[in-house]
Amino acid sequence: MTNYEALVGGGSGGLIGASGASGNGSLWYWLKHMKLYRVVGLVAICLLTVPFIFYHLLLSAESGVPHNDIHRTRSQLDTFEEISPLKAADLKLRIDEMLRIKGTVSLELRDLESRRQKLQSDIGLYNQKIDELKQELSRQQTELDRLKISVEQAQVAQREAVLRNTPELALPKALFSDSLPAVVRPAGGEQRRACKMSSCFDHSRCSLTSGFPVYLYDPDAAPVVSAGYDIDGFLKTTIKQTLGYNAHLTTDPKKACVFLVLVGEALPEHEAVMKNNRYNGPQPQATDRSSAAEMGSLNTTRLRSLPYWGGDGRNHVLLNFARREIGTGAGDILRGTADLDTGRAMLVQSSFEEHQFRAGFDLIAPPILGPPGGDVWQECVPMLPARRKYLLSFQGELLNGQNGTMPAHGNDDTESDTVDEFIIEHLKEMSSGRTQDHFMLQFECVPATEQRSPTNVRDWSLCGTDNSRKSVLKESTFALLLAPSGTAVSSTLLQARLYEALRAGAIPLILGGDQVTLPYAETIEWRRVVIALPKARITELHFLLRAIPDADLLTMRRQGRLVWERYLSSVQSTVDTIIASLRDRLGIPPKPVPAVVAHSVFNASFVPLKSDPVIDSEPEESLGPIEPPYPSPAFRRNYTAALMQSREMWNDWADPFALYPQLPFDPVLPSDAKFVGSHMGFRPIGKGAGGAGKEFGESLGGNYPREQFTIVILTYEREQVLMDSLGRLYGLPYLHKVIVVWNSPKPPLEDLRWPDIGVPVHVVRAPRNSLNNRFLPFDAIETEAVLSVDDDAHLRHDEILFGFRVWREHRDRVVGFPGRFHAWDVNTLDSWNYNSNYSCELSMVLTGAAFIHKYYTYLYTYALPQAIRDKVDEYMNCEDIAMNFLVSHVTRKPPVKVTSRWTFRCPGCPVSLSEDDTHFQERHKCINFFTKVFGYTPLLNTQYRADSILFKTRIPHDKQKCFKFI
């Protein structure tokens with residue numbers, strides 16, 4: 001022990017001993033009375049001695065540590081290295097050694113860090129592979145579920161095929177007669193006057209599947225008019241020309257169901273060579289006409305000598321049209337003859353008297369007052385406003401008796417004269433009375449009308465020219481038509497007034513409508529077009545006219561224009577309507593509407609290259625089964641459509657001139673029929689028990705049998721964009737096929753690889769570069785549902801299928817994604833603007849991504865006015881607006897928008913035509929031009945869109961939504 005240790009130990013022992021000897025009380029006493037300088041000295045001594053004591057203890061502890069305790073030695077060395085008395089050389093060596101150790105450790109740390117990063121990278125890759133495998137497992141599980149559903153659906157289809165006991169209907173196989181009409185004994189006078197379809201028509205020549213073949217006698221080769229007469233040259237030419245466009249015309253008399261004979265308008269030869277104008281040119285003298293009428297223009301001997309007359313004229317139709325002579329008694333080939341022998345032939349003309357007309361056998365047709373054919377919308381005037389300048393207008397002069405004077409025989413004529421005079425006086429009082437309504441009533445022509453031909457019919461002649469009358473009618477809300485007096489069932493003058501009123505949009509008001517028959521009355525619902533009143537209602541006329549609201553006025557005006565354009569406006573429409581009316585009597589379906597042949601852009605020997613599609617990262621959900629192509633059943637209602645929906649076909653949505661494969665207006669079965677006797681083709685959700693998302697994805701459900709849809713893509717020299725769009729269609733349920741309309745004159749590149757998407761892809765060569773090609777009714781389209789898309793449209797599978805399901809409930813409407821609307825120009829107040837801004841109201845759905853029924857492709861191609869399709873070609877724009885106009889015009893319904901999408905373009909696609917600066921300006925012009933063609937704007941507004949039923953609905957955890965993202 002050192003002196004230092006002894007000092008510390010002794011001092012401590014002494015202090016402790018002293019404190020122990022004194023006790024606690026002595027110690028406190030001593031501290032209390034100790035001087036301050038002593039305390040300070042004692043503290044200073046402690047502070048100086050304590051560090052030396054600790055240093056001595058640490059050295060002692062270090063000398064007692066074993067040499068193999070390296071870590072402790074090194075730790076203590078590091079701790080006291082700075083205060084150890086080392087030499088400079090040893091310190092340098094120690095520093096070098098520490099630096100070397102530091103470098104080695106740094107290398108090891110960098111190596112460990114690189115290994116750590118590599119392990120983390122490997123872990124990330126493995127995690128990614130695990131995620132991919134999980135996604136693949138989920139995808140394969142979904143695919144397996146779809147395959148299971150597909151197998152179940154196939155088994156159901158197989159059972160239906162085994163149990164099916166109804167024939168598969170298709171286009172009717174034509175069954176024709178194979179012989180000429182047999183020669184029989186001519187019919188007597190009483191038999192002729194009592195002719196009906198059951199007694200004077202040979203149904204054996206007109207099989208239900210014959211297609212109603214019609215044969216026309218050449219009026220030049222087989223004339224039937226008397227010497228000194230000739231058929232109007234315009235009629236001879238145009239009748240043969242327009243019948244040549246009719247699908248029912250045949251040149252084989254053995255196959256013919258009916259034989260058409262053109263017997264008028266027959267005029268004296270010196271008139272037939274005059275200028276073909278019904279309003280201008282010198283008129284023959286009345287004496288000449290009197291002598292001609294006594295002779296009669298029809299030569300019955302020549303008529304009976306027709307090669308296929310068969311003795312009694314059975315199944316022959318005599319066509320007597322009025323065109324140039326629109327006067328009292330005109331258009332009646334039986335005029336002036338006591339008993340003209342026309343056999344059992346049917347007579348078609350515009351003027352009949354009661355004892356001549358055989359109801360249900362003869363046919364009343366309008367006079368030929370229009371052009372041969374083509375667009376006739378230029379002849380019409382706008383339908384709006386609903387109420388025009390004149391409430392009622394009339395221009396005419398009453399022609400009485402055979403020489404223009406009042407007949408002096410018969411009490412009936414006297415009573416008729418009294419009624420006519422009362423009507424005239426009351427109308428004059430009504431027009432001059434105290435009322436705010438304006439009338440244009442003229443009962444005398446200036447100059448006076450000349451009586452052109454003798455007749456017993458008292459009728460109202462036309463005043464002025466066609467243009468002068470049109471200028472008055474287009475300012476008239478109603479046009480007054482006064483029925484002819486006497487026994488006339490119809491007159492040419494009445495038909496001419498009806499034609500002119502409908503053309504000008506003036507609603508016909510027929511006083512004496514209960515005593516006349518209008519054209520094609522068997523099929524046309526004239527009550528929706530004209531107001532027919534007995535003459536006794538003349539005192540209530542003003543009250544009735546004021547009681548009709550604007551909506552009814554415009555509805556009648558629109559219906560009148562439809563009837564005029566479709567059945568009265570031209571020679572083509574008149575001829576087609578006569579044939580359709582006769583065919584409708586027999587219950588024979590019309591000829592099928594012609595489809596456009598889809599010619600492939602590839603030659604027969606070329607096989608395009610295929611590539612595997614790139615599977616897009618679509619949301620994984622079961623959207624439907626994978627089925628083989630299943631075309632929609634076609635021509636199922638060949639015979640029942642005309643029976644059950646004849647009224648609609650003639651007066652509403654369709655036309656009676658062609659047979660369509662399907663209609664969007666076919667009737668729907670009641671809900672229980674799917675389970676009781678009529679289950680074929682239906683796939684109810686949950687087999688009828690219903691269900692949520694899982695069951696919903698397994699079946700189509702709905703009110704119609706199972707079906708698929710066809711996608712039509714219009715493209716022009718954007719191959720890669722097209723390939724990407726096709727690739728995204730891989731695995732799309734319910735897809736039947738894809739039709740690519742190749743609008744470019746250049747064929748596709750030979751090395752272009754087409755994605756193999758599991759369904760046929762037909763690349764169709766377009767006849768020319770036109771946006772109208774989007775709506776051509778290609779024969780390759782075998783489904784009712786057509787999804788029209790642009791080549792750069794980017795739609796998810798669930799969006800497409802939701803749109804398809806919605807369309808199945810709205811088959812007669814446009815159902816799609818991007819909505820637009822027509823907005824009134826508040827600056828000019830006389831036109832429309834096209835608007836694509838976000839709005840709570842829309843009136844159009846763009847057909848760049850929309851479902852339509854194939855029926856509308858036929859109407860667009862064959863029924864839409866050519867001027868609209870020409871405007872589409874002129875602007876290379878607006879075909880989607882035209883289709884929306886057409887569908888809304890036919891249905892009077894707005895389109896249906898689905899999902900929240902407002903656009904459908906892919907983000908990286910090249911600029912399309914719609915990005916051009918002039919695009920919107922052209923669309924403004926299109927809307928206003930189409931409105932002019934239709935006569936009004938058929939677009940209707942809608943304020944809702946369609947989303948799936950369980951969208952944003954809280955459901956239990958064990959249930960799925962119909963669509964996860966819709």
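Predicted, not measured: the structure shown is a model, and the values here were computed from it.
Cation-pi geometry between Lys854 and Tyr858 is not met: the NZ or CZ atom fails to fall both under 6.0 Å from the ring centre and inside 45° of the normal. Stacking of Arg811 on the aromatic ring of Tyr704 is recorded, both the 6.0 Å distance cut-off and the 45° axial limit being met.
In plain terms, the two heavy atoms of Val815 and Gly803 that are nearest each other are CG1-O, 3.8 Å. For the pair Phe951 and Asp947, the tightest heavy-atom approach, listed with the atom from each and the gap, is CD2-CB, 4.0 Å. Contact record, Val887 with Arg813: CG1-CA, 4.1 Å, taken as the closest heavy-atom pair. Between Tyr567 and Pro656 the shortest heavy-atom distance is OH-CD, 3.6 Å. Leu498 approaches Pro519 most closely through the heavy-atom pair CD2-CD, 4.0 Å. When all heavy atoms of Thr899 and Phe802 are compared, the closest pair comes out as CG2-CD2, 3.8 Å.
Listed for the Arg808 side chain is no donor-acceptor partner under 3.5 Å among the backbone atoms of Ala785. The closest donor-acceptor contact from the side chain of Asp576 to the backbone of Ser573 lies at 3.5 Å or more, if one exists at all. Using modelled atom types, no side-chain atom of Arg820 and backbone atom of Ser836 make a donor-acceptor pair closer than 3.5 Å. Asn773 places a side-chain N or O within 3.5 Å of a backbone atom of Ser770 that can act as its donor or acceptor partner. In this structure a side-chain-to-backbone donor-acceptor pair under 3.5 Å is missing from Gln921 to Thr918. In this structure, the side chain of Tyr860 does not engage the main chain of Pro777 through any donor-acceptor pair within 3.5 Å. Checking side-chain atoms of Asp779 against main-chain N and O of Ala598 turns up a donor-acceptor pair under 3.5 Å. Using a distance-only test at 3.5 Å, with no hydrogens or angles considered, no donor-acceptor pair links the side chain of Ser476 to the main chain of Ala506. A donor-acceptor pair under 3.5 Å links the side-chain atoms of Asn884 to the main chain of Asp880, judged by distance alone. Asp375 places no side-chain N or O within donor-acceptor distance of the main-chain N or O of Trp377, the cut-off being under 3.5 Å.
Atoms CG and CD, on Leu502 and Glu565 in that order, are 11.0 Å from each other to the nearest 0.5 Å. The CD1 atom of Ile368 sits 4.0 Å away from atom OG1 of Thr574, with the distance rounded to the nearest 0.5 Å. With rounding to the nearest 0.5 Å, the separation of CD1 in Ile711 from CG in Leu795 is 8.5 Å.
The aromatic rings of Trp832 and His822 sit tilted, their planes meeting at an angle between 30° and 60°. Using bins of under 30°, 30° to 60° and over 60° for the plane-to-plane angle, the ring pair Tyr834/His924 lands in the tilted bin.
A heavy-atom distance below 4.5 Å is not found between the side chains of Tyr390 and Phe439. Two residues are said to be in side-chain contact when any heavy atoms from C-beta on lie closer than 4.5 Å; Ile531 and Ile510 fail this criterion. Considering only heavy atoms from C-beta on, Leu859 comes within 4.5 Å of Leu886 through its side chain. When side chains are defined from C-beta on, Thr857 does not count as touching Leu776, because their heavy atoms never get closer than 4.5 Å. Looking only at side-chain heavy atoms (C-beta outward), Ser843 and Leu940 stay at 4.5 Å or farther from each other. Tyr944 is listed as a side-chain neighbour of Thr942, based on a closest heavy-atom distance under 4.5 Å. Between Leu509 and Leu481 the shortest side-chain heavy-atom distance does not fall below 4.5 Å. A 4.5 Å side-chain heavy-atom check between Cys380 and Trp564 finds at least one atom pair inside the cut-off.
The local environment of OH in Tyr862 is crowded, with over 12 non-hydrogen atoms from other residues, nucleotides or ligands closer than 6.0 Å. Applying the 6.0 Å contact sphere to CZ of Arg546 captures no more than 12 heavy atoms from other residues, nucleotides or ligands. In this structure, Ile949 places its CD1 atom where only 12 or fewer heavy-atom neighbours from other residues, nucleotides or ligands lie under 6.0 Å away. Crowding of Lys470 atom NZ: a count of heavy atoms from other residues, nucleotides or ligands under 6.0 Å exceeding 12.
A donor and an acceptor atom, one from each side chain of Asp666 and Gln662, are nowhere located under 3.5 Å apart. Checking Asn837 against Asn835 by side-chain atom types alone, a donor-acceptor pair falls below 3.5 Å. Checked by atom type, the side-chain pair Gln943/Glu841 shows a donor-acceptor distance below 3.5 Å. Side chain to side chain, His853 and Asp812 fail the donor-acceptor criterion of an N or O pair below 3.5 Å. Between Arg637 and Gln645, the side chains place a donor N or O and an acceptor N or O closer than 3.5 Å (distance only, hydrogens not considered). Using modelled atom types and a 3.5 Å distance limit, the side chains of Thr828 and Ser831 yield a donor-acceptor pair. Side-chain contact annotation: Ser632 with Thr783, donor-acceptor N/O pair under 3.5 Å absent.
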Query - Full working for salt bridge (charged side-chain N to carboxylate O under 4.0 Å, His left out) between Glu475 and Arg388 - result: CA-CA 5 Å; Glu475 297 290 338; Arg388 299 175 174 175; over 6 Å; no
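Between Arg503 and Asp466 a salt bridge is recorded (basic side-chain N to carboxylate O distance below 4.0 Å). Under 4.0 Å is where a charged nitrogen must lie from a carboxylate oxygen, and between Asp873 and Lys871 no such pair does. Taking 4.0 Å as the cut-off between side-chain N and carboxylate O, Glu809 and Arg805 do not count as a salt-bridged pair. Ionic pairing of Lys925 and Glu922 is not present here: no N-O contact between side-chain nitrogen and carboxylate oxygen is shorter than 4.0 angstrom. Using a 4.0 Å cut-off between charged side-chain N and carboxylate O, Asp652 and Arg528 make a salt bridge. Salt bridge Asp550/Arg387: present, at least one basic N to carboxylate O contact under 4.0 Å. Looking at Arg647 and Glu525, a side-chain N of the basic residue comes within less than 4.0 Å of a carboxylate O on the acidic one, giving a salt bridge. Ion pairing between a basic and an acidic side chain is recognised when a charged N comes within 4.0 Å of a carboxylate O; Glu782 and Lys737 show such pairing. Remark: Asp790 engages Arg774 in a salt bridge, criterion side-chain N to carboxylate O under 4.0 Å.
Taking the six-membered ring where the residue is Trp, the centroids of His889 and Phe934 are separated by under 6.0 Å. Outside the 6.0 Å centre-distance limit, the rings of Trp526 and Tyr520 are not counted as a close aromatic pair. Note: Phe709 and Tyr734 fail the aromatic proximity criterion, with ring centroids not under 6.0 Å apart.
Applying the salt bridge (charged side-chain N to carboxylate O under 4.0 Å, His left out) rule to Glu522 yields the partners Arg585; only residues at least two apart in sequence or on another chain are considered.
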